There are 2 protein chains.
Amino acid sequence: MSTAEQKRRKNQLAPRREPVQARARERARQILDTTGRLLEQVGLNDLTTILIAKELGVSVGSVYHYFPNKHAILYAMGEQWLASLTERLDELAASELEQLSLESFLNELLDLWLSVYQDQRGLLPLVQAMWGIPELHELDERHDELVINHLVAMFERLGFVCPPNEANRLARATLETCHAILLVIVNQQGVRAQRTRSDLQNMLMVLLEPHRNESRPSGLDDVEAP
Amino acid sequence: MSTAEQKRRKNQLAPRREPVQARARERARQILDTTGRLLEQVGLNDLTTILIAKELGVSVGSVYHYFPNKHAILYAMGEQWLASLTERLDELAASELEQLSLESFLNELLDLWLSVYQDQRGLLPLVQAMWGIPELHELDERHDELVINHLVAMFERLGFVCPPNEANRLARATLETCHAILLVIVNQQGVRAQRTRSDLQNMLMVLLEPHRNESRPSGLDDVEAP
DNA sequence: AAAAAACCGGCGCATTGCGCCGGTTTTTTT
DNA sequence: AAAAAAACCGGCGCAATGCGCCGGTTTTTT
């Protein structure tokens, strides 16, 4: 039966084949580039494989050589974005966090985070895709988990005194706040952007400060599991 | 030509006809109720008109008596949600804000805001729809504008000293932070939810406090238009 | 030069839920 | 109570739509 086979193909997200030649590797990269550009221009809804091929100046067939379907392209974009975020977070984790004040830690964190948001073309539609397309949900969850785990680990190294679930809660709040406000900043310019960035940093200070070292927060108890 | 006619129908968002009989008005309400419930259960992607009809125990035809298409149903839901938010904000605006401390103002604001978020079934998929479905974008924009205008007006009455564009920037930051964190809170329970709510309030305090009365913020100048 | 990889683009086709329609039942009107 | 208006019913036609396969050609590698 062809139907089952098609379903399998459709739900397949892994690249069709690993490109071995240099030109091919380049093509795969170009496809992602073009997709990013198009996402910015036309948005998620009007993005089609034909459009990608036309824009890149190759045939549809070529595109399908590398990706089994459209979602796989978006998935790859998402993974790339996750990878760059991981890389930057690891960089930060490699530095001597223990020496840092909370303020300068947040400064570094926001710098790297913002740069990842700014460098990613078509970020907004991509986020939208990770929300809206079932096949990509997993990416969204991995993203959250990734960030939260990194944050929790860093919190500890910064001398936070709080039980695991509470740290987790803080990390989630940090994540969501940053995510929302960074998306705002990316669409602002000049002074406006700078002030919002500074506001974000202040808000995070207030969120996290009470959990550092001696200054005990009102409640010591841990919180329920998520 | 039937195609053009169909296109027209498809882009039509207004209810097909205003229900006059009591039973009919009830049906329209039921359809929205059911849609909300289904949004919660199956999400946006698997929501179909057939499913709505089946769940409600009426025929598809009946559904189409009231709404020209599926988007119109979601649009109506969105409007309902906007209406309840407007109502609550107007209530708050009717009270004597000038007397309130920033802290108690934020308390009231968050209370009402949270309750609107909690009462709306299937809020998350609805938000997703307002992002993802072009026909509903307008709703999203109206929502943002509505909240921002209310906030700016309230900021002024609370004695904020800042130029209009700056107030607008603050309102946007407030909106996005609340939106993100309220969505988190709605999915939390017990202590966890309470603490996050309190964190949100603290963050907003820090965001807004510097702009009140004498305590002048670092920069007085207005910021660029949005 | 032969083999392997990459490229090409037309087009068949499955899918899918939309929403129209003709007829029936219920409610309102007179 | 009868006629008119409104609401309800559910089968099914169908249009749109973009996916992605295929057979053959060109380029790169060995």
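A quick note: this is a predicted structure, and the numbers were derived from the prediction, not measured. By convention in this document, chain letters (A, B, ...) are assigned in the order of the sequence lines, proteins followed by strands, and residues within each chain are numbered from 1.
- For the pair B:R37 and B:E40, the salt-bridge criterion is not met [side-chain N within less than 4.0 Å of a carboxylate O].
- For DNA chain D, the stems formed by at least three consecutive Watson-Crick or G-U pairs, with both atom-pair distances below 3.5 Å, span C:1-30 with D:1-30.
- For the pair B:Y64 OH and D:dC12 C1', the interatomic distance rounds to 14 Å; values are reported in whole Å.
- Proximity note for A:V58 (side chain, C-beta onward) versus C:dC8, C:dC18, D:dC8: the nearest is C:dC8.
- Rounded to whole Å, atom P of C:dG19 lies 9 Å from atom NE2 of B:H71.
- Between the NZ atom of B:K54 and the C1' atom of C:dG19 there is a distance of 17 Å, given to the nearest Å.
- Residues A:V60 and A:I52 form no side-chain contact, since every pair of their non-hydrogen atoms from C-beta on lies 4.5 Å or further apart.
- Atom CD1 in B:I31 sits about 14 Å away from atom C1' in C:dG19, given to the nearest Å.
- Of the charged side-chain nitrogens involved, none lies within less than 4.0 Å of a carboxylate oxygen, so that A:R121 and A:D33 do not count as a salt-bridged pair.
- Note on B:D144 versus B:R172: salt bridge recorded, some NZ/NE/NH1/NH2 to OD/OE distance being below 4.0 Å.
- Using a cutoff of 4.0 Å between basic side-chain nitrogens and carboxylate oxygens, B:E145 and B:R142 are not scored as salt-bridged.
- Neither OP1 nor OP2 of D:dA7 sits under 4.0 Å from any side-chain N or O of B:R27.
- Of the residues in residues 35-51 of chain B, not one comes within less than 4.0 Å of DNA chain D through any heavy atom.
- To the nearest angstrom, P of D:dT17 lies 13 Å from NZ of A:K70.
- The minimum heavy-atom distance between B:V63 and B:V58, with the atom names listed, is CG2-CG2, 4.2 Å.
- A salt bridge is defined here as a Lys NZ or Arg NE, NH1 or NH2 lying under 4.0 Å from an Asp or Glu carboxylate O, and B:D119 with B:R88 fails to meet this definition.
- Per the geometry, CD belonging to B:E26 stands 17 Å off C1' belonging to D:dA6, to the nearest Å.
- The nearest whole Å value for the distance from the NE2 atom in B:H65 to the C1' atom in D:dA7 is 6 Å.
- Ring pair A:Y117/A:H179 is perpendicular by interplanar angle, where above 60° counts as perpendicular and below 30° as parallel.
- Atoms CZ (B:F67) and C1' (D:dC8) sit 16 Å apart, rounded to a whole Å.
- Between B:S62 and D:dA7 there is no side-chain N or O to OP1 or OP2 distance below 4.0 Å.
- A sub-4.0 Å separation between OP1 or OP2 of D:dC8 and a side-chain N or O of B:Y66 is present.
- Residues B:A173 and A:I181 come closest through the heavy atom pair O-CD1, 3.8 Å.
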